[in-house]
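Everything on this sheet refers to the single structure shown next.
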Amino acid sequence: MSQKIRYGTQQILPDGRSIVLGGRRAFSYEFVPAEGQKNAQANNLQLLRDTNDDVENNLYPLVHLLIDGTLFIFANDRSVVLDCRTGQVVRDLSALPGAGRNYPASGIGMSALLPLDLRRGDVLSPEVIICGGTPKNAFKFGETNIIAALRDCARSNPAPGGPWPAPWATCSSCPPATLSSSTAPPWAAPAGASVGRRC
């Protein structure tokens with residue numbers, strides 16, 4: 001690595017490489033080099049610089065590998081789809097209002113790529129869901145005040161060819177959540193399905 005990365009996110013790519021994104025005062029991404037080697041330089045990712053604020057609410061970016069090999073990357077309240085083969089941002093998604101969804105404000109909200117319904121054949125429509133988080137200033141006041149976590153979940157189709165800019169469909173029937181995780185069981189509603197109040 002070209003620099004010491006703290007609070008970054010790692011993702012395995014289809015070609016077997018790994019990519020590390022973000023981190024403290026790291027507005028870039030790097031590919032994990034072969035053992036004993038290092039990258040000559042990091043690759044700038046403007047999203048990470050644009051979503052940095054006075055308490056760095058864009059640490060541990062939420063990352064999902066999409067079906068075409070691109071990456072969905074979410075930081076603070078914004079997201080993009082990155083083609084890391086070319087280094088180009090191929091989608092700039094609409095902001096998700098209401099909170100910071102990343103560390104430290106949220107303690108990290110929950111994010112998942114919903115199951116794909118393979119019965120649709122080649123017409124697959126990936127959807128991302130993000131739940132929980134806290135107001136962006138929660139990290140500043142957390143030691144002296146109790147600040148309620150958010151009760152909302154939001155979902156969107158980030159893939160190229162989906163809605164442009166990808167709108168976020170939200171619901172607020174979920175329990176307050178921070179530091180949560182997700183598991184999609186076999187019976188989970190697939191992407192594109194209507195799941196009503198369960199988000």
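To the nearest 0.5 Å, the span separating CG on Leu62 from CG on Leu21 amounts to 11.0 Å. In this structure, Arg17 CZ and Ile12 CD1 are separated by 13.0 Å, a value rounded to the nearest 0.5 Å. Note that the SG atom of Cys153 and the CD1 atom of Ile130 stand 9.5 Å from one another [nearest 0.5 Å]. One finds the CZ atom of Arg24 at 6.0 Å from the CZ atom of Arg6 (value rounded to the nearest 0.5 Å). Interatomic distance, CZ of Phe72 versus CG of Leu66, reported as 8.0 Å (0.5 Å rounding). Between atom CD1 of residue Ile129 and atom CH2 of residue Trp168 there is a gap of 9.5 Å, rounded to the nearest 0.5 Å.
Looking at Asn57, Asp53, Asn102, Asn58 one by one, the single match for side chain to side chain donor-acceptor pair (under 3.5 Å) with Asn76 turns out to be Asp53. Val89 pairs with exactly one of Thr70, Val80, Val81 by the side-chain contact (heavy atoms from CB on, under 4.5 Å) rule, that one being Val80.
The two residues Ser18 and Gln10 have their closest heavy-atom pair at OG-NE2, 3.4 Å. Between Glu127 and Arg155, the shortest heavy-atom contact is OE1-NE, 3.0 Å. Here the shortest heavy-atom pairing between Phe31 and Cys84 reads CZ-O, 3.5 Å. Here the closest non-hydrogen pair linking Leu48 and Pro61 is CD2-CG, 4.0 Å. Across all their heavy atoms, His64 and Ser111 have their closest contact at NE2-OG, 2.7 Å. Across all their heavy atoms, Pro158 and Pro126 have their closest contact at CD-O, 3.5 Å.
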Walk me through it: do Leu45 and Phe27 pass the test side-chain contact (heavy atoms from CB on, under 4.5 Å)? CA-CA 6 Å; Leu45 183 57; Phe27 310 120; over 6 Å; no

So Ser125 and Asn157, side-chain contact (heavy atoms from CB on, under 4.5 Å) or not? Walk me through it. CA-CA 7 Å; Ser125 182; Asn157 177 354; 2.9 Å; yes

Mind running side-chain contact (heavy atoms from CB on, under 4.5 Å) on Leu96 and Arg101 for me, showing each step along the way? CA-CA 9 Å; Leu96 176 56; Arg101 310 286 174 159; 3.9 Å; yes

Go through the steps to decide whether Asn44 and Tyr29 satisfy the test side-chain contact (heavy atoms from CB on, under 4.5 Å), and finish with yes or no. CA-CA 7 Å; Asn44 179 63; Tyr29 63 91; over 6 Å; no

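A perpendicular orientation is assigned to the rings of Tyr60 and Tyr7, their planes being inclined by more than 60° (bins at 30° and 60°).
Using a cutoff of 4.0 Å between basic side-chain nitrogens and carboxylate oxygens, Arg91 and Asp83 are not scored as salt-bridged. Looking at Asp92 and Arg78, a side-chain N of the basic residue comes within less than 4.0 Å of a carboxylate O on the acidic one, giving a salt bridge.
Residues Val90 and Leu82 are not in side-chain contact: their nearest non-hydrogen atoms beyond the backbone lie 4.5 Å or more apart.
Under the rule for a side chain to side chain contact (heavy atoms under 4.5 Å, CB included), the partners of Leu65 that lie at least two apart in sequence or sit in another chain are Gln11, Pro14, Leu71.
With 3.5 Å as the limit, one finds no donor-acceptor pair spanning the side chains of Ser28 and Asn43.
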